[in-house]
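Down below is the structure, laid out as structure tokens.
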Amino acid sequence: ILASILSLIIYWIIRDRYRVRNLNGKHVFITGCDMGLGNSLAKWLDQKGFCVIAACATEKGSQELQSCSSLSLKTVNLNLADSNSIARAVVFVTEETAGKGLFGLVSNAEGTAPLGPTDWLRIEDFHSVLDVSLLGLIEITLKLLPLLKKAEGRVVNLINAKGLMAFVGGGYSLSKWGMEAFSDTLRIEMQHFGVKVSIVEHGFFKAEEVNSDIIEKHLFKLWNRLTPEMRDSYGEKYL
């Protein structure tokens, strides 16, 4: 028992040595801050004293976040499916960091993903999630790497663990597995520059926009756009 207690004390001492200090002037850029986990993280880091740059997909999300945060928190509109929008956000972050580099990049945004059998989907259904959750994440990470290397910062990719279980068709699980592979590769490559790359596999958070009624609505939308021959091949019982 004494050995266990001593080991725990040593662990806490070592862990506390690696706690981030002198938070003022450290810039953290977070995507997907309109609501949910990204929104909560932006507020929490702002309270801790970080210089938070929060990317929101809507003007409403930006205004609501600014209304309950300090004046040091900045927001920028970002559509990860649009390269021009990404380029504008990178310019904004570059100007805000003012030569200091970027201490942290937290990627949290997710694209909309219709849930249903693969056979019911079209290629645009895959693009709707992959263009944001995977390709958009990769593009903005690549463009911010010079700032991250300058500050010897860190990349943190938030991945919903339910996406790592491929139990339904569509691009959602594809995007999560792709994020894992991209993060693991980047972690090895960035060690040379002192940049840390982490994955946080979090659980499912029930949000207002995610419920069984909406999932069922999307499922019927996919069903109704199938050809009569396709619906007959599956049958009402399958649905």
Side-chain angles (χ1 to χ4, degrees), residues 31-39 55-58 60-61 77-86 89 106-143 155-187 197-239:
T31 67
C33 294
D34 292 83
M35 59 181 65
L37 197 55
N39 183 279
C56 297
T58 64
K60 179 182 178 182
N77 290 336
L78 175 63
N79 176 8
L80 283 172
D82 182 359
S83 293
N84 292 327
S85 179
I86 291 175
V106 182
S107 292
N108 170 63
E110 292 190 339
T112 57
L115 299 178
T118 302
D119 199 19
W120 297 11
L121 302 173
R122 300 170 182 171
I123 191 63
E124 54 265 29
D125 297 322
F126 288 86
H127 277 294
S128 67
V129 60
L130 292 175
D131 287 350
V132 174
S133 298
L134 182 57
L135 298 178
L137 174 144
I138 291 173
E139 183 174 356
I140 198 162
T141 301
L142 293 178
K143 290 186 175 180
V155 177
V156 180
N157 290 328
L158 305 182
I159 299 177
N160 196 320
K162 78 176 187 293
L164 301 177
M165 298 178 289
F167 62 91
V168 67
Y172 191 79
S173 292
L174 291 176
S175 69
K176 302 310 171 189
W177 290 11
M179 288 171 65
E180 291 263 349
F182 176 71
S183 302
D184 289 343
T185 303
L186 191 66
R187 181 183 306 114
V197 180
S198 303
I199 298 170
V200 176
E201 295 177 353
H202 61 82
F204 179 72
F205 294 90
K206 184 177 181 182
E208 292 180 359
E209 76 281 3
V210 179
N211 57 55
S212 59
D213 291 337
I214 293 179
I215 293 174
E216 184 175 324
K217 180 181 177 181
H218 287 166
L219 187 63
F220 275 103
K221 184 178 179 180
L222 293 176
W223 172 261
N224 290 330
R225 80 180 187 187
L226 295 177
T227 63
E229 293 78 14
M230 180 75 81
R231 285 198 294 267
D232 290 340
S233 70
Y234 279 93
E236 293 286 344
K237 186 178 180 181
Y238 183 93
L239 176 64

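- The structure places CD1 of I199 at 4.5 Å from CG of D184, a figure rounded to the nearest 0.5 Å.
- Closest non-hydrogen pair, P117 versus Y238, comes out as CG-OH, 3.9 Å.
- Annotation for M165 and S173: closest pair O-OG, 3.4 Å, computed over non-hydrogen atoms.
- Rounded to the nearest 0.5 angstrom, K176 NZ and L164 CG are separated by 8.5 Å.
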Show me the donor-acceptor pairs, under 3.5 Å and distance only, between side chains in residues 132-139 and residues at least two apart or in other chains.
from: S133; atom 1: OG; to: G111; atom 2: N; distance (Å): 2.9
from: E139; atom 1: OE1; to: S83; atom 2: OG; distance (Å): 3.2
from: E139; atom 1: OE2; to: S83; atom 2: OG; distance (Å): 3.0
from: E139; atom 1: OE2; to: K143; atom 2: NZ; distance (Å): 3.3

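- Contact of the D131 side chain with the L80 side chain is not registered, since no non-hydrogen atoms from C-beta on lie closer than 4.5 Å.
- Take L115 and apply the side-chain contact (heavy atoms from CB on, under 4.5 Å) test, not counting sequence neighbours, and it matches V168, I215.
- Here salt bridge (charged side-chain N to carboxylate O under 4.0 Å, His left out) pairs that include residues 227-237, with residues two or more places apart or in two chains, number zero.
- Rounding to the nearest 0.5 angstrom, the gap separating the CG atom in L158 from the OG atom in S107 is 8.0 Å.
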Please set out all donor-acceptor pairs under 3.5 angstrom arising from side-chain atoms of residues 220-227, sequence neighbours excluded.
from: N224; atom 1: ND2; to: F220; atom 2: O; distance (Å): 3.0
from: R225; atom 1: NH2; to: D125; atom 2: OD2; distance (Å): 2.3
from: T227; atom 1: OG1; to: M230; atom 2: N; distance (Å): 3.1

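- Contact annotation: the side chain of N160 approaches that of H202 to within less than 4.5 Å [non-hydrogen atoms, C-beta and beyond].
- Between the CZ atom in F182 and the OG1 atom in T141 there is a gap of 4.5 Å [rounded to 0.5 Å].
- No donor-acceptor pair under 3.5 Å is formed between the side chain of N77 and the backbone N or O of A57.
- Once rounded to the nearest 0.5 Å, the distance linking CG of N157 with CG of N108 reads 10.0 Å.
- Residues S175 and V129 come closest through the heavy atom pair OG-CG2, 4.1 Å.
- Not counting sequence neighbours, the partners of H218 by the side-chain contact (heavy atoms from CB on, under 4.5 Å) test are I214.
- Applying the side-chain contact (heavy atoms from CB on, under 4.5 Å) rule to K217 yields no partners; only residues at least two apart in sequence or on another chain are considered.
- Note: C56 SG to D34 CG = 4.5 Å, rounded to the nearest 0.5 Å.
- Contact detail for I140 and L78: the closest heavy-atom pair is CD1-CD2, 3.8 Å.
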